[in-house]
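Reading through the C-alpha cells given below for one structure.
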Amino acid sequence: MKNPNITLLNTEILSDNWYTLNKVTYSVSKKDGTTETQSREAYDRGNGAVILLYNKTSKTVILTRQFRLPTYINGNSTGMLIEACAGLLDNDNPENCIKRETEEETGYKISKVEKIFEAYMSPGSVTEILYFFIAEYSHEMKINDGGGLEEEGENIEVLELPFEQSLSMIDTGEIKDAKTIMLLQHLRIKGIL
C-alpha cells in the first residue's frame, strides 16, 4: 500500500552512467495538515543478493576479497575489502542470482540455499534492497577456482576462514563490510557454527 501522505511530483535523471542517480521532487502531507515540497537524490543500482557459505564440520566460512574504489576513496588504504559473496539481481530472482554469483565468485556450485531476511543497506540514499542467504558447502561442491567474471572486471580472491577467526576480524577492523558482519553475526546468534 502506497503512503497517502507522499505524492511524487518529478523525477530528473542526474546521471545514468554506471547506475542511475535521480533527483526526486515530492510533496509530504505533515501531521499539522500542511504540505511541504522536498527534493532528494536517490541512487538506483538495482536490488541484490548476498550469501554466506559455511561448513559445520570444519567450522569455516567462505568469504571474498576484492578492490572496492569507494572504500579506497574514504580511507581504506589498500581499497581491498573482505566480503560475503554478493551480486545484483539483473532481472533474475534472488535465489537464482545468488546461486549464479556463488559459482562465479567462489567456484562452489550450490543447490540449496536458505533465505534469512531482506534489508535496505543505505536507505537514506540508495534504493537497493538486499536479499540475505546462507548455505552449507563442502569441498566436493568446488567446481572451479571462482574469482568472478573477467568481462565484468572482477578480480576476486576466495578465502576459506575459520568461523571464530572471521568473527575476531570484525573486532580488529579487518572485516568492515556491513552485509558480511550481519551474516556472520546471524550464524553466531542462531548457533549454526
Side-chain angles (χ1 to χ4, degrees), residues 1-3 16 18-22 24 40-56 60-71 81-138 141-144 146-149 151-161 163 166-167 169-170 175-193:
M1 180 173 89
K2 293 283 185 183
N3 186 336
D16 192 15
W18 187 254
Y19 302 114
T20 305
L21 178 61
N22 290 308
V24 180
R40 298 287 186 272
E41 293 178 5
Y43 194 53
D44 184 357
R45 49 167 288 161
N47 295 326
V50 59
I51 192 165
L52 182 59
L53 301 178
Y54 65 92
N55 184 296
K56 284 186 176 180
T60 53
V61 294
I62 299 294
L63 297 174
T64 64
R65 181 176 15 228
Q66 61 184 305
F67 179 77
R68 294 297 198 183
L69 177 65
T71 73
L81 200 65
I82 296 174
E83 306 174 59
C85 171
L88 293 177
L89 299 186
D90 294 329
N91 298 316
D92 205 349
N93 69 58
E95 187 173 316
N96 288 342
C97 165
I98 204 57
K99 288 177 181 177
R100 179 186 67 246
E101 289 293 333
T102 299
E103 189 173 327
E104 290 173 5
E105 291 189 7
T106 70
Y108 286 90
K109 185 171 184 71
I110 55 172
S111 57
K112 184 180 174 190
V113 297
E114 179 186 347
K115 180 182 168 196
I116 53 175
F117 52 79
E118 302 171 10
Y120 290 100
M121 296 304 293
S122 188
S125 59
V126 181
T127 61
E128 177 187 35
I129 193 164
L130 202 54
Y131 299 87
F132 286 74
F133 293 90
I134 57 175
E136 288 191 66
Y137 78 93
S138 67
M141 296 174 174
K142 184 90 166 161
I143 61 167
N144 63 54
L149 298 178
E151 62 266 20
E152 292 182 6
E154 295 177 320
N155 184 18
I156 299 169
E157 180 185 357
V158 181
L159 307 172
E160 182 175 38
L161 298 172
F163 178 62
S166 68
L167 288 174
M169 291 170 77
I170 297 169
I175 293 179
K176 291 185 178 180
D177 176 64
K179 63 187 180 296
T180 305
I181 293 169
M182 292 166 72
L183 284 166
L184 290 168
Q185 294 291 359
H186 176 82
L187 288 188
R188 180 162 93 177
I189 290 166
K190 295 293 185 180
I192 295 171
L193 283 185

**Request:** Heavy atoms only: give me the nearest Ala49-Pro94 pair and the separation to one decimal.
**Result:** CB-O, 3.9 Å
**Message:** Does Tyr131 form a side-chain contact (heavy atoms from CB on, under 4.5 Å) with Leu89? I'd like the steps, not just the answer.
**Reply:** CA-CA 10 Å; Tyr131 299 87; Leu89 299 186; 3.9 Å; yes
**Complete:** Rounded to the nearest 0.5 angstrom, the CG-CG distance for Asn96 and Asn91 is 12.5 Å
**Asked** For the residue pair Ile129 and Asn47, what are the closest heavy atoms and their distance?
**Response** N-OD1, 2.9 Å
**Request:** Kindly give the heavy-atom pair with the smallest separation between Ala86 and Glu105, and that separation in Å.
**Result:** O-OE2, 2.8 Å
**Prompt:** In Å, rounded to the nearest 0.5 Å, how long is the span from OG1 of Thr180 to CG of Leu52?
**Reply:** 8.0 Å
**Nearest heavy atoms of Thr127 and Ala42, plus distance in Å** = CG2-CB, 4.2 Å
Name every donor-acceptor pair, under 3.5 Å, that has one atom in a side chain of residues 182-193 and the other anywhere in the protein, sequence neighbours excluded.
from   : atom 1 : to     : atom 2 : distance (Å)
Gln185 : OE1    : Arg188 : NE     : 3.4
Gln185 : OE1    : Arg188 : NH2    : 3.3

**Complete:** Contacts of Asp16 meeting side chain to side chain donor-acceptor pair (under 3.5 Å) (sequence neighbours excluded), chain-then-number -> Thr20
**Partners passing side chain to side chain donor-acceptor pair (under 3.5 Å) against Arg45 (at least two apart in sequence or in another chain)** = none
**Item:** For Tyr108, ring-ring contact (aromatic ring centres under 6.0 Å, His included) partners two or more places apart
**Value:** Tyr137
**Asked** Can you name the nearest heavy-atom pair linking Ser166 to Val61, along with the distance?
**Response** OG-CG2, 3.9 Å
**Complete:** Nearest heavy-atom approach of Val50 to Ala84 is CG2-CB, 3.7 Å
**Message:** With rounding to the nearest 0.5 angstrom, report the CZ to CD distance, Arg68 to Glu83.
**Reply:** 4.0 Å
Without placing hydrogens or testing angles, list every side-chain donor-acceptor pair under 3.5 Å for residues 110-119, not counting sequence neighbours.
from   : atom 1 : to     : atom 2 : distance (Å)
Lys115 : NZ     : Glu118 : OE2    : 2.4

**Asked** For the atom pair CD1 (Ile51) and SG (Cys85), what is the distance rounded to the nearest 0.5 Å?
**Response** 7.0 Å
**Prompt:** Can you tell me how far the CD atom of Glu128 sits from the OH atom of Tyr120, to the nearest 0.5 Å?
**Reply:** 10.5 Å
**Message:** Between Lys142 and Thr106 (side chain of the first, backbone of the second, donor and acceptor by atom type, cut-off under 3.5 Å), is there such a pair?
**Reply:** yes
**Item:** Close side-chain approach of Tyr54 to Phe163, heavy-atom, < 4.5 Å
**Value:** no
**Message:** As a quick check of understanding, evaluate side-chain contact (heavy atoms from CB on, under 4.5 Å) for Asn55 and Glu160, giving each step before the final call.
**Reply:** CA-CA 10 Å; Asn55 184 296; Glu160 182 175 38; 5.5 Å; no
**Message:** Within this structure, what is the CG-CG distance for the pair Asn22 and Asp44, rounded to the nearest 0.5 Å?
**Reply:** 6.5 Å
**Asked** Of all residues at least two apart in sequence or in a different chain, which pass the side chain to side chain donor-acceptor pair (under 3.5 Å) check with Glu95?
**Response** Lys99
**Request:** Report the C-alpha separation of Glu103 and Ile143 in whole Å, then their side-chain angles, then the decisive distance to 0.1 Å, and conclude whether the side-chain contact (heavy atoms from CB on, under 4.5 Å) test is met.
**Result:** CA-CA 8 Å; Glu103 189 173 327; Ile143 61 167; 3.3 Å; yes
**Message:** Do Arg40 and Val24 have side chains that approach each other closer than 4.5 Å (heavy atoms only, starting at C-beta)?
**Reply:** no
